There are 2 protein chains.
Amino acid sequence: MDVIHSKLDRNNYRLTDQRKAILDVMLENQGSHLSAEEVLWEAKKKFPNIGIATVYRTLEKLANLDILHKSMFEGNKFRYELAEDDKHHHHHVVCLNCGQISEVSGDLLHELESKLEQQGYKIIDHELKFYGYCPACK
Amino acid sequence: MDVIHSKLDRNNYRLTDQRKAILDVMLENQGSHLSAEEVLWEAKKKFPNIGIATVYRTLEKLANLDILHKSMFEGNKFRYELAEDDKHHHHHVVCLNCGQISEVSGDLLHELESKLEQQGYKIIDHELKFYGYCPACK
DNA sequence: TATAATAATGATAATTATTATCATTATACA
DNA sequence: TGTATAATGATAATAATTATCATTATTATA
Ligand SMILES: [Mn+2]
Ligand SMILES: [Mn+2]
Ligand SMILES: [Zn+2]
Ligand SMILES: [Zn+2]
């Protein structure tokens, strides 16, 4: 939270009421992956006149600052969640039956990444999704 | 190729000239990741009257049969490539500078997957993308 | 073979998420 | 205070994908 504010400051990013509302929505919904429209409706509770364009603009900006993480699971729309630490995000398991998305903490990709770096790549980030069935659906 | 045909048969999937054209395009472009529109233009060389709707329908169907693999890298459009073996695909490295996409063969996710299966999940597939810089851009 | 049922196609309309435009409003700061 | 700049919201534009529907091709059947 302090980290976020200083990061915004560093990028001369004005913390308007609208942006505050959006950030609060994201902070209050850690663990879920919200679409722009879902963010809009939640933010409207805090700032009724907020428009969808502002939501898109803010989400995009926050994602570029790595304050949010942007990803897509099903349904051709991007979803956003608060990014815990800088880069190197957690992984996701997508249930092919109920659509539930679970978080996976462990990393375990270092081995692959260092192999790639030996081949001359510079790896900045990764995105890993598992598809299968959650315990309830299996 | 034989595998593909028998898979199509098994699903009573008529191999029309249009579908043959699309399949040929995919077979001739292994290693690259084509968008629906790119497939359309290539397929038009083989069957000039083919329409975009047929391309979308066919790509979708082939992806459902795991003959093609559908993924998105940059640019909000899906891309398709021939799926080598059944499920469990190779990984991708996306260069943040030039956009080049390289293939990564090794798997290395078994450890994570078995950990998840111990927790009650049934893992069918995974999708792993690395973001960073390719040797040329680094 | 002739005919009926079904599947596939292509043109194009509709949908949907996202981005661009632009006039208005808010904020910073000289 | 006045002026430059940034942010906003309404809405138009864009672009990928999906739906619709009349037409055509294929298969099954009498
Ligand atoms: Mn998550
Ligand atoms: Mn590939
Ligand atoms: Zn489930
Ligand atoms: Zn590169």
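From a predicted model like this one, the values you see are computed outputs, not experimental measurements. Below, read A as the first sequence line, B as the second, and so on, with proteins coming before strands; counting in each chain starts at 1.
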- Between A/Trp41 (CH2) and C/dA17 (P), how many Å, whole number? 13 Å

- Query: Are any of A/Thr16's side-chain N or O atoms less than 4.0 Å away from OP1 or OP2 of D/dT8?
  - Reply: yes

- Verify the contact: side-chain N or O of A/Tyr56 to OP1 or OP2 of C/dT19, cut-off strictly under 4.0 Å; return yes or no. no

- Message: Looking only at the side chains, is there a donor atom on one of A/His33 and A/Glu81 sitting less than 3.5 Å from an acceptor on the other?
- Response: yes

- Is there a side-chain polar atom (N or O) of B/Arg19 under 4.0 Å from OP1 or OP2 of C/dT9? yes

- Between B/Glu37 and A/Gly51, which is nearer to the 5' end of DNA chain D once each is assigned its nearest nucleotide? A/Gly51

- Integer-rounded Å distance: C/dA8 P and B/Leu59 CG: 15 Å

- Distance in angstrom units between A/Lys77 NZ and C/dT19 P, rounded: 15 Å

- Message: Of the options C/dG10, C/dT27, D/dT27, whose atoms approach the side-chain atoms of B/Arg14 most closely?
- Response: D/dT27

- Query: To the nearest Å, how far apart are A/Asp17 CG and D/dA6 C1'?
  - Reply: 15 Å

- Thinking salt bridges, do A/Glu38 and A/Arg79 make one under a 4.0 Å N-O criterion? yes

- Roughly how many Å is it from CG in A/Asn12 to P in D/dA4, rounded to a whole number? 20 Å

- Item | Of the listed nucleotides D/dT17, D/dG9, D/dT11, the one nearest the side chain of A/Ile52 | D/dT11

- Identify which nucleotide among C/dG10, D/dT11, D/dT17 has an atom closest to any side-chain atom of B/Ile50, counting heavy atoms from C-beta outward. C/dG10

- Query: What about the rings of B/Phe73 and B/His92, do their centers lie closer together than 6.0 Å?
  - Reply: yes

- Please tell me if the side chains of B/Phe130 and A/Leu112 come closer than 4.5 Å, counting only heavy atoms from C-beta onward. yes

- Would you please confirm or rule out a distance under 4.0 Å between OP1 or OP2 of D/dG9 and any side-chain N or O of A/Gln18? yes

- Counting only N and O atoms by type, is there a donor-acceptor contact under 3.5 Å from the side chain of B/Glu117 to the main-chain atoms of B/Ile123? yes

- Query: Which part of the nucleic acid does A/Arg57 contact within heavy-atom distance under 4.0 Å: base, sugar-phosphate only, or nothing?
  - Reply: base

- Item | A/Glu74 CD to D/dT18 P, straight-line distance once rounded to whole Å | 12 Å

- Would you mind reading off the distance between A/Met72 atom CE and D/dA16 atom P, rounded to a whole angstrom? 13 Å

- Task: Examine D/dG9: is either OP1 or OP2 under 4.0 Å from a nitrogen or oxygen in the side chain of A/Thr54? Give yes or no.
- Result: yes

- Task: Could you state the atom-to-atom distance from CG of B/Leu62 to C1' of C/dA8 in whole Å?
- Result: 14 Å

